[in-house]
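Positions are given from 1, in the same order as the sequence printed here. Just so it is clear, the model here is predicted, and its values are computed rather than measured.
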Amino acid sequence: MRRNATAPAVERTLYRLGIAAAVLAAAIIFWVEHSYLGQLLVRFPCPFRALTGFYCPGCGGTRALEALCCGQVWESLRLHPLVPWGAALYLAFMASWTLWQLSGGRFPGLRWRDGYLWGALALLAVNWLVKNALLLGGRAVL
């Protein structure tokens, strides 16, 4: 891209949403860390699991995020592989588009591909199926 080039509309929108997501995540983390209600809600048991006895597609996500924030990447992958995968994709996208802006368009930013979404959905489905298969086999994984 040239120095005065503008970012494609999709990437520009995703970059702005990424900044908003970072601000929102920081606010939520602050609220959870400094509020009894926030800590209670984070530890609230999964309603899907309580009703059905099976893991929901998101089960393990909070623990995976906590593990990732503590630097325990393998534990995070074990608990919910979508969390570290999504975090890596988010960081790569945000870093590349920040460099794109700082370099005046000389550094190519990561482009959106539908495969990112399909990969995330496939990872979510496989994770859910494997965890519930293990649960049916008598091995609780969470």
- Glu11 side-chain N/O to Leu110 backbone N/O, donor-acceptor pair under 3.5 Å: no
- Message: Please list all pairs meeting salt bridge (charged side-chain N to carboxylate O under 4.0 Å, His left out) that have one or both residues in residues 78-93, counting only residues at least two apart or in different chains.
- Response: Glu75-Arg78
- Qualifying residues under side-chain contact (heavy atoms from CB on, under 4.5 Å), relative to Val126, sequence neighbours excluded: Val130
- Item | Residues which pass side-chain contact (heavy atoms from CB on, under 4.5 Å) with Leu91, listed by chain and number, not counting sequence neighbours | none
- Query: Under the ring-ring contact (aromatic ring centres under 6.0 Å, His included) rule, what pairs show up with a residue in residues 11-30, not counting sequence neighbours?
  - Reply: Phe30-His34
- Task: Taking side chain to side chain donor-acceptor pair (under 3.5 Å) as the test, write out the residues that go with Arg16, two or more places apart.
- Result: none
Which side-chain N or O atoms in residues 47-63 pair as donor and acceptor under 3.5 Å with protein atoms at least two apart or in another chain?
from, atom 1, to, atom 2, distance (Å)
Arg49, NE, Gly53, O, 3.3
Thr52, OG1, Phe48, O, 2.7
Thr52, OG1, Phe54, N, 3.1
Tyr55, OH, Val141, N, 3.1
Tyr55, OH, Leu142, N, 3.2

Report, one line per pair, each donor and acceptor closer than 3.5 Å where one atom sits in a side chain of residues 66-73; sequence neighbours left out.
from, atom 1, to, atom 2, distance (Å)
Glu66, OE2, Arg43, NH1, 3.3
Glu66, OE2, Arg43, NH2, 2.9

- Message: Can a donor-acceptor pair be found, under 3.5 Å and without considering hydrogens, that links the side chain of Ser76 to the backbone of Ala64?
- Response: yes
- Task: Show which residues join Phe107 in its hydrophobic cluster (side-chain heavy-atom contacts under 4.5 Å, direct or indirect), or state none.
- Result: Leu99
- Note on the structure: Residues pairing under salt bridge (charged side-chain N to carboxylate O under 4.0 Å, His left out) where one sits in residues 122-135, two or more places apart or in two chains, turn out to be none
- Same cluster (ILVMFWY, side-chain, under 4.5 Å), Tyr90 and Leu82: yes
- Check the hydrophobic clustering (I, L, V, M, F, W, Y; side-chain heavy atoms under 4.5 Å; chains of links allowed) and say if Ile28 and Val83 are grouped together. no
- Message: Restricting to side-chain contact (heavy atoms from CB on, under 4.5 Å), what partner residues turn up for Leu121, sequence neighbours left out?
- Response: Leu117, Trp118
- Please state whether the rings of Phe93 and Trp97 are parallel, tilted or perpendicular, taking 30° and 60° as the class boundaries. tilted
- Query: Just by distance, do the side chain of Asn127 and the backbone of Leu123 share a donor-acceptor pair under 3.5 Å?
  - Reply: no
- Message: If the condition is side-chain contact (heavy atoms from CB on, under 4.5 Å), which residues does Leu129 pass it with, not counting sequence neighbours?
- Response: none
- Query: What pairs of residues pass the ring-ring contact (aromatic ring centres under 6.0 Å, His included) test when at least one of them lies in residues 56-85, not counting sequence neighbours?
  - Reply: none
- Message: Taking Val10 as the starting point, is it possible to reach Met94 by hopping between hydrophobic residues whose side chains are less than 4.5 Å apart?
- Response: yes
- Single-linkage hydrophobic cluster Tyr116~Leu14, side-chain heavy atoms < 4.5 angstrom: yes
- Query: Would Leu77 and Leu124 show up in the same hydrophobic cluster when neighbours are defined by side-chain heavy atoms closer than 4.5 Å?
  - Reply: no
